[in-house]
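Worth knowing before you read on, the calculation uses all heavy atoms, side chains too, and leaves out hydrogens, waters and symmetry mates. FYI, the numbering just counts along the sequence from 1.
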Amino acid sequence: MAREQVLPLLEQLFKQRIAYIDGAMGTMIQRYKLEVRMLRARKSESETALWCRCTLSLHGADRYKDHPDELKGDNDILVLTRPDIIESIHIQYLESGADIIETNTFNGTSISQADYNLQAKVRRGCVTAA
């Protein structure tokens, strides 16, 4: 939905009642007890195709498998490697009554992603997350 379509809907919602936004993504992600190898590689293509409703390309599913830098703590990368987890968390928030969900791009800047040597991938991550 385009921004021009969303803003009037939000304004109408805000006039009617208090709107609820999703909660702490990091805490929800920690519940999955992911290991570093899970951050680096997507589930199999068939599993990803089943779970992911976004337009993310299935090519390069293991694109970060051999990444030379530490990826632990880079939850933003999950929109590329484990979109099923991010989708599941968003669904949980919506089912619990959230009106608004945010993208999983807390560290979606080149400065933050430089810690993981992924600053060149920020745009792809942010666009995918949106």
Atom NZ of Lys33 and atom CZ of Arg31: how far apart are they, to the nearest 0.5 Å?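 With rounding to 0.5 Å, NZ (Lys33) is 10.0 Å from CZ (Arg31).
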
Rounded to the nearest 0.5 Å, what's the gap from CD on Glu95 to OG on Ser88? Could you check?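 If we round to the nearest 0.5 Å, Glu95:CD and Ser88:OG are 8.5 Å apart.
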
Give a yes or no on this: more than 12 heavy atoms of other residues, nucleotides or ligands lie within 6.0 Å of atom CD1 of Ile111.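 Check fails, neighbour count at 12 or below.
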
Are more than 12 heavy atoms from other residues, nucleotides or ligands located less than 6.0 Å from atom CZ of Arg17?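 Above 12, so yes.
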
Following the transitive rule for hydrophobic clusters with a side-chain heavy-atom cut-off under 4.5 Å over Ile, Leu, Val, Met, Phe, Trp and Tyr, establish whether [X] and [Y] coincide in one cluster.
| X | Y | value |
| --- | --- | --- |
| Met28 | Leu94 | yes |
| Ile21 | Leu10 | yes |
| Val79 | Tyr32 | yes |

With a 4.5 Å limit on heavy-atom distance, are the side chains of [X] and [Y] in contact?
| X | Y | value |
| --- | --- | --- |
| Ile86 | Asn75 | no |
| Leu78 | Leu34 | yes |
| Leu118 | His67 | yes |
| Leu13 | Leu9 | no |
| Ile77 | Leu71 | yes |
| Gln119 | Asn117 | yes |

Quick one, Ile29 with Asn104, criterion side chain to side chain contact (heavy atoms under 4.5 Å, CB included). Give me CA distance, side-chain angles, the key distance, then yes/no. CA-CA 10 Å; Ile29 290 168; Asn104 183 47; 3.9 Å; yes

Decide side chain to side chain contact (heavy atoms under 4.5 Å, CB included) for His90 and Met25; before the verdict, give the C-alpha distance in whole Å, the side-chain angles of both, and the deciding distance to 0.1 Å. CA-CA 9 Å; His90 283 156; Met25 284 296 288; 4.0 Å; yes

At their closest point, which heavy atom of [X] faces which heavy atom of [Y], and how far apart are they?
| X | Y | answer |
| --- | --- | --- |
| Thr103 | Ala130 | CG2-CA, 3.7 Å |
| Phe106 | Asp76 | N-OD2, 3.5 Å |
| Cys126 | Gly108 | SG-O, 3.6 Å |

Under 3.5 Å, is there a donor-acceptor pair between the Asp74 and Gln113 side chains?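 Yes.
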
Assess whether side chain to side chain donor-acceptor pair (under 3.5 Å) is satisfied between Tyr20 and Ser96, documenting all intermediate values. CA-CA 10 Å; Tyr20 294 95; Ser96 68; over 6 Å; no

Sub-3.5 Å donor-acceptor pair from the side chain of Asp99 to the main-chain atoms of Ala19, do we have one?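 Not at all, since once roles are kept as given, no pair shorter than 3.5 Å links the two residues.
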
